[in-house]
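Hydrogens, waters and symmetry mates play no part in the numbers below; they use all other heavy atoms, side chains included.
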Amino acid sequence: MTDKTLPAGLRPETLAVRTAIARSQYGENSEALYLTTGFVQPDSATSAERFATGEGYTYARTSNPTVTSFEQRLAALEGTEAAIGAASGMGAILMMIMGLLKAGDHVILSRSMFGSTLNLFAKEFGKFGVETTFVSQTDVDEWCAAVKPNTKLLFAETPTNPLTEVCDIAALAEIAHGAGALLAVDNAFATPILQRPTELGADIVMHSGTKYLDGQGRVMAGALCASRQLVTEKFAPVVRTAGMVLSPFNAWVVLKGIETLGVRVKAQCENALSLARWLEAQPQVARVYYPGLPSHPQHALAMRQQNGLGGGVLSFQLAGDTPESARAKAFHVIDSCRLLSIATNLGDTKTIISHPASTSHGRLSEEQRQAAGITQGTIRVAVGLEHIEDVQDDLLRGLRTLAA
Ligand SMILES: Cc1ncc(COP(=O)(O)O)c(C=O)c1O
């Protein structure tokens, strides 16, 4: 394979398209897909050497050239030395836990994180003696007060799903490092187009490639971006033995998705801001949650931390006297849509509408949901690339026919 050496100092837009291309002897312009499990070894001595050092390709659970291209391209965009792929975002978190933690270690997590993340730490790894403390997403003092002598990891997600709460990455990095712990940030919602957490002090960036990196809702993928030492010493041995490996086909789809990440995400942010402003003006809407709006409690922090962009996801609250009436109203607005997809996912070109209280947060009790600020009248919209007035018209169909 050949690769022309790229000039130094390329900008993210260029890296997204040009970096990590290992061309075959055919000189293909679009990245090749190496859909192979095994790699033929030239001789036994080379085979033995590759197995001993982990260098060169042997078996796809250890590495594959298409997966390597995806890892290098994502690391270039996140500004980290290295990255490692996983079968899904949750697979990446599992790899991180297995690579960094052992029984008796303590972790601090925002209680507003993605539900499966909360369950993986508290329920699944609670069984193995990893202790988790849940704190407020936005109150830095609570994170600070939760630190213990055995704290090894702080893990934050910003903005959160579905209420788009933003936490201060630089402040959390300071707390983590003061305690001799690491800070990991789930960057699935923001993507490196909005924020590069390691530039703010984070040690690990976690991705669900299923979302914006793919960008067209096709495949599951995940990754951890970090120093070469963390990737080679802590994470790679876990993937090799536990097998939450990224498939070459999925890596190729996401690798190609990354080429258009910047233009897609910026257009989705523009669309989401228009929709958020429009929703704020609708009389049936009690509240809009979007970091790009001055009414958002962490608007100033978000604009500073997120490259001046609010992201592609927003939520809004319908007024309703009782949980039952609020739920009926939310279902009416969602079911009146003819364009938007009622689906689970985000970061797609197609706008997705969902009712968090009965889907992503359906397993929480009403009390837990209320503590998280999610009511039966909350609707989440993951904005796509349709003309935004068509999206507004679709929502208006239900909003204007709501019973008082
Ligand atoms: C913020 C966030 N992190 C992690 C995940 C998990 O990613 P995956 O579905 O790729 O396992 C999701 C999925 O919705 C998510 O929204």
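- In this model, no donor atom of one side chain and acceptor atom of the other lie less than 3.5 Å apart for R18 and T14.
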*side chain to side chain donor-acceptor pair (under 3.5 Å) between Y290 and S315: does it pass, once the steps are laid out?*
CA-CA 7 Å; Y290 184 64; S315 289; over 6 Å; no
*Could you walk me through whether L224 and V231 pass the side chain to side chain contact (heavy atoms under 4.5 Å, CB included) check?*
CA-CA 8 Å; L224 297 176; V231 168; 5.9 Å; no
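- You'll find the side chain of L346 reaches within 4.5 Å of the side chain of F189, heavy atoms only.
- For Q298 (side chain) and L301 (main-chain N/O), no donor-acceptor pair under 3.5 Å exists by modelled atom type.
- For NZ of K256, the number of neighbouring non-hydrogen atoms (other residues, nucleotides, ligands) closer than 6.0 Å is greater than 12.
- Annotation: F331 is in aromatic contact with H355 [ring centroid separation under 6.0 Å].
- The closest side-chain heavy-atom distance from P192 to N187 is below 4.5 Å.
- Neither side chain, Q137 nor T160, offers a donor N or O lying under 3.5 Å from an acceptor on the other.
- Looking at heavy atoms from C-beta onward, L213 lies in side-chain contact with H207 at the 4.5 angstrom threshold.
- Applying the salt bridge (charged side-chain N to carboxylate O under 4.0 Å, His left out) rule to E124 yields the partners K127; only residues at least two apart in sequence or on another chain are considered.
- Q376 and R327 share a donor-acceptor pair across their side chains, judged by distance under 3.5 Å alone.
- For the side-chain contact (heavy atoms from CB on, under 4.5 Å) test, no residue two or more places apart in sequence or in another chain qualifies with A87.
- By the 4.0 Å N-to-carboxylate-O rule, R111 lies close enough to E142 to be salt-bridged with it.
- In this structure, a donor-acceptor pair under 3.5 Å is present between the side chains of T351 and E386.
- Side-chain contact annotation: Y289 with T378, donor-acceptor N/O pair under 3.5 Å absent.
- Counting only residues at least two apart or on different chains, the salt bridge (Lys or Arg N to Asp or Glu O under 4.0 Å) pairs with a member in residues 178-196 are R196-E199.
- In this structure K123 satisfies the salt bridge (charged side-chain N to carboxylate O under 4.0 Å, His left out) test with no other residue, sequence neighbours excluded.
- Not a single donor-acceptor pair under 3.5 Å links the side chain of R380 to the backbone N or O of P162.
- Considering only residues two or more places apart in sequence or on other chains, R73 meets the salt bridge (charged side-chain N to carboxylate O under 4.0 Å, His left out) condition with E31, E259.
- Within the structure, side chain to side chain donor-acceptor pair (under 3.5 Å) contacts touching residues 87-97 (residues at least two apart or in different chains) do not occur.
- Residues Q41 and S47 have side chains that never bring a donor and an acceptor to within less than 3.5 angstrom of each other.
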_From CA spacing to verdict: side chain to side chain donor-acceptor pair (under 3.5 Å), N119, S116_ = CA-CA 5 Å; N119 277 338; S116 300; 5.7 Å; no
*Determine, step by step, whether S112 and E165 satisfy the side chain to side chain donor-acceptor pair (under 3.5 Å) criterion, reporting the C-alpha distance in whole Å, the side-chain angles of both residues, the deciding distance to 0.1 Å, and the verdict.*
CA-CA 8 Å; S112 310; E165 291 174 296; 2.8 Å; yes
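- Contact of the V140 side chain with the I175 side chain is registered, since non-hydrogen atoms from C-beta on lie closer than 4.5 Å.
- Side-chain contact between V391 and V383 is absent, with no heavy-atom pair separated by less than 4.5 Å.
- Residues passing the side-chain hydrogen bond (donor to acceptor under 3.5 Å, both in side chains) test with E71: none are found, sequence neighbours excluded.
- Side-chain contact check for R287 versus F316: every heavy-atom pair is 4.5 Å or farther apart.
- By the neighbour-count criterion of 12 heavy atoms within 6.0 Å, atom CD of Q72 is densely surrounded, having more than that number from other residues, nucleotides or ligands.
- Neither side chain, T151 nor K148, offers a donor N or O lying under 3.5 Å from an acceptor on the other.
- Applying the ring-ring contact (aromatic ring centres under 6.0 Å, His included) test to F128 and every residue at least two apart in sequence or in another chain returns F125.
- No donor-acceptor distance shorter than 3.5 angstrom exists from the side chain of D203 to the backbone of A226, with no hydrogens or angles considered.
- Not a single donor-acceptor pair under 3.5 Å links the side chain of Q195 to the backbone N or O of A190.
- Contact annotation: the side chain of I108 never approaches that of F134 to less than 4.5 Å [non-hydrogen atoms, C-beta and beyond].
- Partners of D214 under the salt bridge (charged side-chain N to carboxylate O under 4.0 Å, His left out) rule, at least two apart in sequence or in another chain, are R218.
- Listed by first and then second residue, the side chain to side chain donor-acceptor pair (under 3.5 Å) pairs involving residues 265-281 are E280-S295 (not counting sequence neighbours).
- Annotation: the span from L183 atom CG to F155 atom CZ amounts to 9.5 Å, rounded to 0.5 Å.
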Just distance, no hydrogens or angles: give the donor-acceptor pairs under 3.5 Å from side chains in residues 95-104, sequence neighbours left out.
{"residue": "K102", "atom": "NZ", "partner": "D105", "partner atom": "OD1", "Å": "3.3"}

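- For the side-chain contact (heavy atoms from CB on, under 4.5 Å) test, residues two or more places apart in sequence or in another chain that qualify with T80 are A75, E78, T198, C225.
- Counted within 6.0 Å of NZ on K234, heavy atoms from surrounding residues, nucleotides or ligands total 12 or fewer; the atom is thus considered open.
- Side-chain atoms of N345 and I352, non-hydrogen and from C-beta on, do get closer than 4.5 Å to each other.
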